[in-house]
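Both ligands and their constituent atoms are indexed starting at 1 by order of listing.
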Amino acid sequence: MFFTKKHVEDPGLNLDQMTGEISFIQRSEVESQLKMIHLTTADLRVINSLQPFVIEKIDYIVDRFYENLHYEPILLKIINNHSSIERLKMTLKQHIIEMFDGIVDDAYFEKRKKIANIHVKIGLQTKWYLCAFQDLLLSLLEIIERSKLIKSDYFHSISAVTKILNLEQQLVLE
Ligand code: HEM
């Protein structure tokens, strides 16, 4: 598997068993968006290889995510008016794990459209969404940093994770 410490003589990444799929029935604009951020099926395989490590640390990521929202009282007010932290932790856990499925298709796109509508309805301003995303990115980078990867694998992992989070932001903030 990719996400393990490699010996110096190791030939490199082995992503053969990982999922990496981009498939749209008819969505030329999204395809251009993917091209412009250079997100490839190889990146998606790297993403998928990180999934077990994200699952292992999912409680840490999600607890930290909601703890971070305490800096701004208006966010807690929005949450308590529409849902609860405990309930949202469950949906966010599932959502983050799915982000690492390595598949970008119509269902992926539709789900982000729905999430975007939900956040518009609750009146969440873009700046708070972006703050929350940055915290999520930092959690993921921390997980990668604490792993025992060789140098080039760090680069591929960080590069792939920033691309998938960028795509998520493009779709949700459209
Ligand atoms: C709902 C993701 C930021 C408040 C959701 C759902 C997801 C999600 C997956 C569930 C959608 C569904 O039911 O299908 C995210 C992600 C964020 C983010 C990935 C940023 C990285 C925020 C922030 C707030 C927030 C900063 C702060 C107020 C809510 C609320 C709901 C919700 C209140 C439930 C709305 C309802 O059920 O009526 N979010 N969220 N989200 N999110 Fe977020």
Side-chain angles (χ1 to χ4, degrees), residues 3 19-25 27 29-30 33-34 36-39 43-147 157-174:
F3 205 92
T19 304
E21 185 188 323
I22 296 173
S23 66
F24 289 112
I25 296 167
R27 189 91 60 190
E29 231 186 37
V30 180
Q33 286 168 257
L34 295 180
M36 286 183 75
I37 61 167
H38 311 283
L39 179 70
D43 288 313
L44 292 175
R45 280 196 290 276
V46 172
I47 293 286
N48 191 227
S49 79
L50 298 173
Q51 194 178 47
F53 301 89
V54 171
I55 291 171
E56 195 188 323
K57 296 284 177 212
I58 195 66
D59 286 331
Y60 167 73
I61 298 172
V62 170
D63 287 347
R64 173 179 156 157
F65 182 96
Y66 285 103
E67 199 51 45
N68 196 38
L69 302 190
H70 285 76
Y71 283 116
E72 178 46 54
I74 199 163
L75 299 177
L76 300 179
K77 213 169 152 201
I78 293 177
I79 288 175
N80 292 325
N81 282 345
H82 295 272
S83 184
S84 70
I85 289 188
E86 282 319 305
R87 220 178 308 153
L88 289 181
K89 274 186 180 176
M90 302 308 292
T91 41
L92 187 64
K93 269 184 201 177
Q94 198 192 341
H95 183 69
I96 293 171
I97 292 169
E98 277 175 21
M99 253 187 222
F100 287 79
D101 279 350
I103 300 170
V104 174
D105 59 5
D106 290 286
Y108 179 98
F109 183 80
E110 290 306 321
K111 188 178 176 204
R112 269 86 198 151
K113 249 175 40 185
K114 189 177 156 224
I115 292 173
N117 288 334
I118 287 172
H119 289 107
V120 168
K121 267 194 199 142
I122 62 170
L124 181 65
Q125 287 180 281
T126 304
K127 63 184 172 190
W128 304 125
Y129 202 86
L130 289 174
C131 289
F133 246 102
Q134 184 61 21
D135 182 66
L136 181 57
L137 173 62
L138 291 174
S139 291
L140 294 169
L141 293 182
E142 203 178 284
I143 290 167
I144 293 169
E145 209 272 328
R146 288 188 180 178
S147 65
S157 299
I158 290 168
S159 164
V161 164
T162 57
K163 288 178 195 180
I164 200 76
L165 287 194
N166 179 280
L167 178 64
E168 179 94 13
Q169 290 171 75
Q170 287 180 49
L171 299 180
V172 174
L173 297 176
E174 196 171 83

Colleague: Quick test of your reading of the structure: of Ile118, Leu130, Leu137, whose heavy atom lies closest to atom 12 (C) of ligand 1?
Modeller: Ile118
Colleague: Which residue holds the protein heavy atom closest to atom 28 (C) of ligand 1, what is that atom called, and what is the gap in Å?
Modeller: Leu75 O, 3.6 Å
Colleague: Looking at Lys89 and Asp59, is any side-chain nitrogen of the basic one under 4.0 Å from a carboxylate oxygen of the acidic one?
Modeller: no
Colleague: Search all heavy atoms of Asp135 against all heavy atoms of Phe65 and return the closest pair with its distance.
Modeller: OD2-CA, 3.6 Å
Colleague: Going by atom types only, do His82 and Lys121 share a side-chain donor-acceptor pair under 3.5 Å?
Modeller: no
Colleague: When you look for heavy atoms under 4.0 Å from ligand 1, do you find them on the side chain of Lys114, its backbone, both, or neither?
Modeller: side chain
Colleague: Check each heavy atom of Ile115 against ligand 1 and say whether those closer than 4.0 Å belong to the side chain, the backbone, both or neither.
Modeller: side chain
Colleague: How far is atom 21 (C) of ligand 1 from its nearest protein heavy atom, and which residue and atom is that?
Modeller: Phe133 CD1, 3.3 Å
Colleague: Compare His119, Lys121, Gln169, Lys77 and give the one whose heavy atom is closest to atom 41 (N) of ligand 1.
Modeller: His119
Colleague: Can you check which of Leu165, Leu92, Leu136, Leu124 brings a heavy atom nearest to atom 27 (C) of ligand 1?
Modeller: Leu124
Colleague: Is Leu88 touching ligand 1 with its side chain, its backbone, both, or neither, if touching means heavy atoms under 4.0 Å apart?
Modeller: side chain
Colleague: What I want to check is whether the side chains of His95 and Glu168 have a donor and an acceptor closer together than 3.5 Å.
Modeller: yes
Colleague: Under a 4.5 Å cut-off applied to non-hydrogen side-chain atoms, are Ile164 and Leu44 in contact?
Modeller: yes
Colleague: Looking at atom 37 (O) of ligand 1, what's its closest protein heavy atom, distance included?
Modeller: His82 O, 4.3 Å
Colleague: Only heavy atoms of Ile78, strictly under 4.0 Å: list the atoms of ligand 1 that pass.
Modeller: 28 (C)
Colleague: Tell me, do Phe24 and Val104 make a side-chain contact under 4.5 Å, heavy atoms counted?
Modeller: yes
Colleague: Nearest heavy atom to atom 33 (C) of ligand 1 wins, so pick from Val172, Ile96, Ile122.
Modeller: Ile122
Colleague: Any Lys/Arg nitrogen of Glu67 or Arg64 sitting under 4.0 Å from an Asp/Glu carboxylate oxygen of the other?
Modeller: no
Colleague: Counting only heavy atoms closer than 4.0 Å, does ligand 1 sit against the backbone of Lys111, its side chain, both, or neither?
Modeller: neither
Colleague: So does Lys111 pair up with Glu98, basic N to acidic O under 4.0 Å?
Modeller: yes
Colleague: Please compare Tyr129, Tyr66, Phe65, Trp128 and report which has the shortest non-hydrogen distance to atom 19 (C) of ligand 1.
Modeller: Tyr129
Colleague: State the CG-CG distance between Asn48 and Asp43, to the nearest 0.5 angstrom.
Modeller: 12.5 Å
